[in-house]
Amino acid sequence: SWIPYGWSMFLAKNNYQPNGISILHFDDHKDMMSPKIGLYGTDWKDMLTHASVDMGAPETIKQAVLSGAITLGSMMTPLLHHLNRIDVFHLAHGVSNTAMNIDPTTIADYMLEPGRRRMAVDISSSLTSAHGGVSRYLRAAEIAEIANAIHPKMDIFLHIDMDYFNNRYNGSDEWRHRPARNDQPLGLQKENISRICDSLVRAGIAKRISHVSIGISPSFYPSEYWEEAITYLIHGLVACGLPATDLLKYIETARRNEV
C-alpha cells in the first residue's frame with residue numbers, strides 16, 4: 001500500500017504534470033477498490049482522520065496509508081482520480097483480453113458515513129475510444145498482446161506485484177488444490193521474471209518507463225521467496241535499462257546493515 005506514496009513523491013519531486021500516463025500493472029488483482037477517501041465539498045479527505053488527501057502532496061498520501069484509508073486493494077484509485085488520463089494495462093495469468101473505459105467516479109459510503117460520496121472508479125463500460133481523452137483498462141496475458149495499444153507519446157509507469165509470480169495466500173486454501181496456478185516454485189518465478197524483462201525490451205517500451213514500483217504483497221506472496229526473487233527481479237530490470245537503480249541500492253544497503 002506504499003506504492004501510491006512513491007507515485008506521489010515522484011509527481012512532486014519532478015513537478016510532473018503529464019497529460020496522461022500508461023501503467024503496466026503486473027498483478028493478480030486490479031487494485032482499484034474504493035479507498036476510505038470521501039468528498040467533502042470539493043476536497044478529498046481521509047474518512048478516518050478527516051485530513052486532506054492529495055496525490056500532489058506526498059505527506060497527505062503517507063498519512064492516508066498509515067491510517068488505513070488507502071490499502072493494497074485501493075492503491076490505484078487515487079492516481080486514477082489525480083490525472084486526466086491513465087491507461088492501465090493489466091497483465092495477469094490465464095486471462096482473456098479485455099478492453100474497457102475507466103471512469104473516475106464516486107459511490108455512496110455505507111459504513112463510516114452512510115451517504116457520503118466516496119472515491120471510486122468504474123470499469124464496467126466497454127471501451128468506446130482507442131485514442132481519445134478517456135482512460136482505458138486493457139487486460140491481457142502477455143505484453144505482446146497490448147504493446148501496440150500503448151500511446152506512443154505517454155510516459156509509462158511499471159508496477160509489478162510479486163503475487164503475479166506466486167499467489168499462494170490468495171485469501172483461501174485454494175493454492176493447495178491448484179499449486180501450478182497459485183504456488184509456483186522459485187525457479188519458475190525466475191523464468192517468468194526473465195520473460196517479462198525480455199518482453200519489455202522486445203516490445204520497445206523499456207526505455208519509455210519513467211517510474212518502477214514493486215509490491216511485495218505479504219498477504220499473498222510467501223516470505224520465503226522475498227529476498228531472492230525480488231533481488232533477481234530488480235537486477236533484471238536494471239539490466240534492461242529501467243530506472244530501478246535506487247531499488248537496487250536500497251536492498252544492497254539493507255544487506256550490508258544485516259551483516
Side-chain angles (χ1 to χ4, degrees), residues 1-7 23-33 65 68 70-76 88-95 139-144 156-203 206 209 211-259:
S1 55
W2 285 106
I3 302 300
Y5 179 56
W7 289 333
I23 299 179
L24 290 180
H25 181 58
F26 289 85
D27 200 317
D28 230 25
H29 311 91
K30 292 186 183 75
D31 295 337
M32 298 182 195
M33 297 171 66
V65 172
I70 300 175
T71 62
L72 289 172
S74 62
M75 69 174 196
M76 298 274 285
V88 177
F89 296 90
H90 185 187
L91 285 302
H93 297 290
V95 298
R139 186 185 66 192
E142 299 291 340
I143 294 176
I156 300 172
F157 282 17
L158 173 64
H159 172 254
I160 299 176
D161 196 299
M162 296 306 292
D163 68 21
Y164 175 84
F165 304 108
N166 183 303
N167 190 15
R168 180 188 293 173
Y169 305 119
N170 190 25
S172 73
D173 61 357
E174 181 188 46
W175 67 274
R176 298 180 185 276
H177 310 293
R178 302 175 64 193
R181 165 66 180 85
N182 292 76
D183 194 28
Q184 297 182 354
L186 182 61
L188 186 55
Q189 293 178 50
K190 287 184 174 181
E191 289 180 15
N192 285 331
I193 288 170
S194 297
R195 176 179 57 81
I196 286 174
C197 293
D198 291 343
S199 297
L200 290 171
V201 174
R202 286 199 308 272
I209 294 173
H211 186 275
V212 174
S213 58
I214 298 172
I216 296 176
S217 207
S219 300
F220 306 95
Y221 187 68
S223 60
E224 68 223 51
Y225 300 134
W226 289 5
E227 182 174 1
E228 188 168 352
I230 293 171
T231 300
Y232 187 86
L233 171 60
I234 295 173
H235 276 284
L237 296 175
V238 171
C240 292
L242 273 64
T245 52
D246 286 348
L247 295 174
L248 186 59
K249 291 177 182 177
Y250 178 82
I251 62 172
E252 289 175 345
T253 299
R255 280 181 172 177
R256 286 195 298 269
N257 291 340
E258 290 177 356
V259 175

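For the numbers below, each heavy atom of this structure counts, side chains included, while hydrogens, waters and symmetry mates do not.
Two residues are said to be in side-chain contact when any heavy atoms from C-beta on lie closer than 4.5 Å; His90 and Lys30 meet this criterion. Under the 4.5 Å side-chain criterion, counting only non-hydrogen atoms from C-beta, Leu237 is in contact with Leu158. Side-chain atoms of Ser199 and Arg202, non-hydrogen and from C-beta on, do get closer than 4.5 Å to each other. A 4.5 Å side-chain heavy-atom check between Phe26 and Ile214 finds every atom pair outside the cut-off. Side-chain contact between Leu72 and His29 is absent, with no heavy-atom pair separated by less than 4.5 Å. Residues Asn166 and Asp183 have side chains in contact (heavy-atom distance under 4.5 Å, counting atoms from C-beta outward). Leu233 has its side chain within reach of Met162: a pair of non-hydrogen atoms, C-beta onward, lies under 4.5 Å apart. With contacts defined as side-chain heavy-atom distances shorter than 4.5 Å, the pair Phe157/Ile3 does not qualify.
Among all heavy-atom pairs drawn from Tyr221 and Ala229, the shortest one is OH-CB, 3.1 Å. Here the closest heavy-atom approach between residue Trp226 and residue Ile216 is recorded as CE2-CG2, 3.4 Å. Scanning both residues, Gly6 and His211, for their nearest heavy atoms gives O-NE2, 3.8 Å. Scanning all heavy atoms of the two residues, the minimum distance from Cys240 to Cys197 falls at SG-CB, 3.4 Å.
With rounding to the nearest 0.5 Å, the separation of CG in Leu248 from OG1 in Thr231 is 8.0 Å. The CG atom of Asn167 sits 10.0 Å away from atom CD of Gln184, with the distance rounded to the nearest 0.5 Å. Distance check: Asp31 CG to Thr71 OG1 gives 8.5 Å after rounding to the nearest 0.5 Å. Separation of atoms CG (Leu242) and CD1 (Ile209) is listed at 4.0 Å; rounding is to 0.5 Å. A distance of 8.5 Å separates CG in Asp27 from CZ in Phe220, rounded to the nearest 0.5 Å. Here the CG atom belonging to Leu200 is positioned 10.5 Å from the CZ atom belonging to Arg195, to the nearest 0.5 angstrom.
Distance alone, capped at 3.5 Å, places no donor-acceptor pair between the Trp7 side chain and the Met76 backbone.
Between Tyr5 and Trp2, the angle of the ring planes goes over 60°, which puts this pair in the perpendicular group of the 30/60° scheme. Ring geometry for His25 versus His159: interplanar angle under 30°, hence parallel rather than tilted (30 to 60°).
Paired with Phe165 under the rule side-chain contact (heavy atoms from CB on, under 4.5 Å), one option of Leu186, Leu188, Ile196 passes, and it is Ile196.
Ring centroid separation for the pair Tyr164 and His93 comes in under the 6.0 Å cut-off.
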